[in-house]
Number of protein chains: 4
Amino acid sequence: MAAVHSRAARAARASLVGIVSSSAASSARAADLLGFESAYPSAEVLLADATIDVVHIVTPNATHFDLALAALREGKHVVCEKPLTTSTAHAALLTEAAEEAGVTATVPFVYRFHPMVREARARVAAGEAGSLLSIQGSYLQDWLLAASDDNWRVDGALGGASRAFADIGSHLCDLVEFVTGDRIARLQSVTRTVFDERSSRPVTTEDLAAVLFTTRAGAVGTLLVSQVAPGRKNRLHVEFHGSEESIAFDQENPEVLWIGRQTGSQLLTRQPGLSADAERLAVLPPGHPLGYQDAFSAFVADTYAAIGGESRDGLPTFEDGLRAVTLTDAVLESARTSTWIDIEGTNP
Amino acid sequence: MAAVHSRAARAARASLVGIVSSSAASSARAADLLGFESAYPSAEVLLADATIDVVHIVTPNATHFDLALAALREGKHVVCEKPLTTSTAHAALLTEAAEEAGVTATVPFVYRFHPMVREARARVAAGEAGSLLSIQGSYLQDWLLAASDDNWRVDGALGGASRAFADIGSHLCDLVEFVTGDRIARLQSVTRTVFDERSSRPVTTEDLAAVLFTTRAGAVGTLLVSQVAPGRKNRLHVEFHGSEESIAFDQENPEVLWIGRQTGSQLLTRQPGLSADAERLAVLPPGHPLGYQDAFSAFVADTYAAIGGESRDGLPTFEDGLRAVTLTDAVLESARTSTWIDIEGTNP
Amino acid sequence: MAAVHSRAARAARASLVGIVSSSAASSARAADLLGFESAYPSAEVLLADATIDVVHIVTPNATHFDLALAALREGKHVVCEKPLTTSTAHAALLTEAAEEAGVTATVPFVYRFHPMVREARARVAAGEAGSLLSIQGSYLQDWLLAASDDNWRVDGALGGASRAFADIGSHLCDLVEFVTGDRIARLQSVTRTVFDERSSRPVTTEDLAAVLFTTRAGAVGTLLVSQVAPGRKNRLHVEFHGSEESIAFDQENPEVLWIGRQTGSQLLTRQPGLSADAERLAVLPPGHPLGYQDAFSAFVADTYAAIGGESRDGLPTFEDGLRAVTLTDAVLESARTSTWIDIEGTNP
Amino acid sequence: MAAVHSRAARAARASLVGIVSSSAASSARAADLLGFESAYPSAEVLLADATIDVVHIVTPNATHFDLALAALREGKHVVCEKPLTTSTAHAALLTEAAEEAGVTATVPFVYRFHPMVREARARVAAGEAGSLLSIQGSYLQDWLLAASDDNWRVDGALGGASRAFADIGSHLCDLVEFVTGDRIARLQSVTRTVFDERSSRPVTTEDLAAVLFTTRAGAVGTLLVSQVAPGRKNRLHVEFHGSEESIAFDQENPEVLWIGRQTGSQLLTRQPGLSADAERLAVLPPGHPLGYQDAFSAFVADTYAAIGGESRDGLPTFEDGLRAVTLTDAVLESARTSTWIDIEGTNP
């Protein structure tokens, strides 16, 4: 992810001052590979550098809390990878700390930065979709399908108690709530760990999760999140059914919405005449596909704009990161207890 | 549906001896329109006609039980529309009665009769998909979207306590269990009725249902069933994720399966070299789309073959109709009680 | 094809009186398999049977002329497979003979009978698409891809001088002209025969043809027709670009049109509110796919309705069959001479 | 296009030294908007700046020749937008001049830089597709659909004698020849200009062109190029039929190839295990869509790598730009004369 962050920072015309990785050698390699001016000996030294305005935290999940807190205490603006932390309590502390520090602190829920996601959100907000009735969402990958597929994320000590849901389910929930403006109110879930161990290491984190939920506004929905779905590489797909129209979005084909109406359906591609928010993010002409890096770069550009004092609509902050951690915890608790979990509101 | 049944019967070279509808006039009109030899004054008279071998019951749900029981008692073979009955007890009685009568008694779960559904089932049975991990299913329609959309099915007295799930969720569950050979073991559901009344008549039956479930074999899954999903006409879509491959099927485009593997995905269209069961149903060359009526006609042809003493694999019987009613009852009960419901096995 | 014709005839409630095939044995087998009342010893005997109203000719192309002429002379109504004949002169003679006989004489350009094709035609006729600017059409199959793939159609003596274009290009041209109401005015073509021999038999007929054309109304277009296009089973695809909207149709997915407009695109599925002509052919509810047999059955039903004295819009007659043969001849001639060929009008 | 070029240059870690536009004011605005260090008073001054290594020419077509020649004479490396020039003679002169100067001179045929395009090319080169039989290509846009749609490209004096074909047909031909390694040998075309004038200015350049062609290796094909195809934004679509497999690519969905085989079809998404050339360009994990800017940035990065002395396979040079101009001239000449035009080879 460091490559993606650094490309976005460069595109936003930042100076890439310095980088720290797990060792001096790897820091040096990363600085060279990604084009940073220098490699720092430690996070402490980097954070002490007063010329640095913004810190991007792209480390294993369990380290986010300490690093982000230290950065905030140094008065740095922070971009921290999701999941923000591996516990709700820590996420709440960071959210508070960011507020106290008065800095910009964001989490890369970057799917928000596809123009057609903004268009979907604008349609819902304008009432074109009517009142929300049902939602079907899924986020499916297959990179951990085999027992031999392994990664630090699989290790609960590094990645946290939740894996699939914390890692990608959080994106899915964020997208559902971002587009609808509604909030998941209660949920019931089942999780499954397919392999007890990977690379001779015990695995306690879930490979997949299925969720049933209702929203504050009364919609009902289902979510399926899996890192063991053969043939699905990064398939985040959501379909919203309103009382007037349905809207479907697929992250792997992000330049089009399917808009369903009783009287006919539309394939709404990115084109002139969309909502102002979508137009703003449409930095290429119609038919010239925007991709993942473009969305990521737009997120970083908006973060930097916020640092510069400009308010940009739809910026995912630590509060949104906290929300995702809260929902992830609820998914685990429901799976453990086989009961409905009410979600306490973090944001309105 | 009478037109669909009569076309299928004629295609199977049956003699369309007689028909009864709700009145003498409508019976006469139906006989004329559909090409029956005669209109009968009543179901009793029709059932008393010894020249009639098979009776198709295509009446409002609440009347199925009495009619089917009467037909079975006359020793007729019976094709009864789904839901077989509006209560599990009645469905069980009919299933027993059919067995005692020693006749063929089937329910038109016709999606089983698409060659590509058979192909999916054959792949799972042969172990090509590996062990089943997760399932995402939906059956979405929009013909009851507006408060002004109405139909006898909306009326619980005619259609039964469940509407959306009994009517189309039953198809979805049948397909999931038919393809996987697995059984839904436990479920948790939420239902929603959007309009309290339609055409000034109170509505108590659900417009949509969302279901979380686990199977006997340990797969987890979600279902979304709705008759108020704008732009979706008859969208039955299922995606199965096995440990080796995923399989997706869409009833609105029934001549193709998406087969996902970690190493690549396939669009498997109907073509030479499929499983024997798929080949048997492929009555047109590849690229010449088979549709809904073709599936229905194949169902009726197999029913008649069974009557003639030939065993045909995959015929949906009253036992399968009972299974669907059992699952529908569980969905309603879970929604009412907010608890997990264990499904008692009807068939192994 | 005999199975397809007989299913359609039975669906139209015809009595399947008799059948003749290439030998007494094969006639008997066919009668048994397809459910005809009897097998006739010869075409002559069959044609002499005054109880027979309609004859379907489903024999190798080179035999169409003699059989159809004999049938017309007996005053039979005729359904003759395409290509109507293997020469323009013969097709013209048949067309005349049918007119003189005052009978109904049709050719199964059955793709006309998909409701969405009628919808496309109605949109063009109503001016919704504006004036036609360009057309891209293709009809691609792969059943003759390998040198070992063989069939009587490959033999020029049985199938005629043209194979791919006569067999499937004719469908494509008919569809283009049927939907647009326009006529191909000039064309330039290239053909290719991939294998000099198949099954040790010399092959002189083309495996593929590419065509450049202009229409009377001034549209320009391209066609690609191939029986050696790997992975394409029966892919007839046309896209029309009018000055107001584009319309695309794919025979393998016949229940939807893509409608393109500068301001947005639509996936127009079969649904309520289509043109009267489309609605008439929509014998199943939306979302219940109509397929190839349904289109074929509608063609036969309309042919029989015409025999019964009812005029049905869009019936493909021998005149349309002649048109297709004329275009096929032009394609061969252009390929031979590398020049533009002007098409003489057969129908206005 | 200047924004796209400048983003790509920045991503490649170039210093954006200076920019010149049509006036001092617009140069200053562009420098500010795009983040250049300074605005230059004229092209001459800019070209005289010895600190500048590479010049990107992104001006109206008719100015390319003079600017590129001047830049080459100053020993600059040049990236020049397509069409390279508005006449074959000029393009040949530039190609020679670049060779003499010993610099890197490239034309942004950027669709070459999609990983899946490289994968298609690798499959053809490795013989997996067999020998090429037929090709169907199209490049369709709608931004000039209305008479009121206007642009400098419409003006022959600025844009050259060809518009649609020079602008986008050139991309299509480049892609066809790049993927197949084959060359268009002869062609026949028809062009059409829909509006005689736009914004009260006479229009002589074509809005659409249809082309029939054969290749040196004996494949036959069709091309349709239009800027007046409603609903198509930037639809470059090609389908190649080899004797073993078909390959289809769609620029608007560039992360997937359709691979057709007689025994089944594949949707080959970007994933591990592709050809080395495709892997090299796959800078994001599977399922994270690469888009137009990513392809453009890869083109610029490879251009800069070549400048730095590294040879990168598949770089589109002025020779390729010349080839495109040659084909465009042939299209205009064939349309004018209604004859087949033989293409003289520019590159082998």
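Below, chain A is the first sequence line, B the second, and so on; all start at residue 1. What you see is a predicted model; the values in this text were computed from it and never measured.
- What you find for B:Phe213 and B:Leu223 is that their closest heavy atoms are CE2-CG, 3.6 Å.
- The two residues B:His114 and B:Gly291 have their closest heavy-atom pair at CE1-O, 3.7 Å.
- Annotation: side chain to side chain donor-acceptor pair (under 3.5 Å) contacts of A:Arg163 (sequence neighbours excluded): A:Thr205, A:Asp207, A:Gln227.
- Here the CG atom belonging to B:Leu327 is positioned 5.0 Å from the SG atom belonging to B:Cys173, to the nearest 0.5 angstrom.
- With respect to chain B, the highest number of heavy-atom pairs below 4.5 Å among A:Gln266, A:Gln262, A:His241, A:Arg261 belongs to A:Gln262.
- Using a 4.5 Å heavy-atom cut-off against chain B, the contacting residues of residues 331-340 of chain A are A:Ser338, A:Trp340.
- Contacts of A:Leu133 with chain B are made by both backbone and side-chain atoms, with heavy-atom separations under 4.5 Å.
- Inspection of non-hydrogen atoms places B:Val190, B:Arg192, B:Val194 of residues 190-201 of chain B under 4.5 Å from chain A.
- The CD atom of B:Glu119 sits 8.5 Å away from the CD atom of B:Gln271 when rounded to the nearest 0.5 Å.
- Under the 3.5 Å distance criterion, the side-chain polar atoms of A:Lys82 are left unmatched by any main-chain donor or acceptor of A:Ser170.
- The contact between B:Glu239 and chain A is made entirely by side chain atoms (from C-beta outward), counting heavy-atom distances below 4.5 Å.
- When every heavy atom of B:Pro230 is checked against every heavy atom of A:Gly260, the shortest pair comes out as CB-O, 3.4 Å.
- Counting heavy atoms from C-beta on, the side chains of B:Val238 and B:Val179 never come closer than 4.5 Å.
- Between B:Arg323 and B:Asp174, none of the side-chain N atoms (NZ, or NE/NH1/NH2) sits under 4.0 Å from a carboxylate O, so this pair counts as no salt bridge.
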side-chain hydrogen bond (donor to acceptor under 3.5 Å, both in side chains) between A:Gln136 and A:Thr222, intermediate numbers included: CA-CA 5 Å; A:Gln136 191 189 33; A:Thr222 67; 4.7 Å; no
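- Among B:Leu145, B:Leu140, B:Val220, the residue with the largest count of heavy-atom pairs under 4.5 Å with chain A is B:Leu145.
- Listed options A:Ala210, A:Gly264, A:Ser189 were ranked by heavy-atom pairs under 4.5 angstrom with chain B; first place goes to A:Ala210.
- Of all the heavy atoms in A:Ser243 and A:Gly130, the pair that sits closest is OG-CA, 3.4 Å.
- The candidate with the highest count of non-hydrogen atom pairs below 4.5 Å against chain B, out of A:Ala209, A:Ser138, A:Ser265, is A:Ser138.
- Among the residues in residues 245-257 of chain B, those with a non-hydrogen atom closer than 4.5 angstrom to a non-hydrogen atom of chain A are B:Glu245, B:Ser246.
- Ion pairing between A:Lys233 and A:Asp142 holds under the 4.0 Å rule for side-chain N and carboxylate O.
- In this structure, the portion of B:Trp258 lying under 4.5 Å from any heavy atom of chain A is its side chain and not its backbone.
- Between B:His171 and B:Phe109, the ring planes lie perpendicular to each other; the angle is over 60°, past the 30° to 60° tilted range.
- Annotation: side chain of B:Gln141 is not in contact with side chain of B:Ser226 (no heavy-atom distance under 4.5 Å).
- Neither the backbone nor the side chain of B:Ser131 has a heavy atom closer than 4.5 Å to any heavy atom of chain A.
- Taking the charged nitrogens against the carboxylate oxygens, A:Asp342 and A:Arg186 do have a contact shorter than 4.0 Å, which makes a salt bridge.
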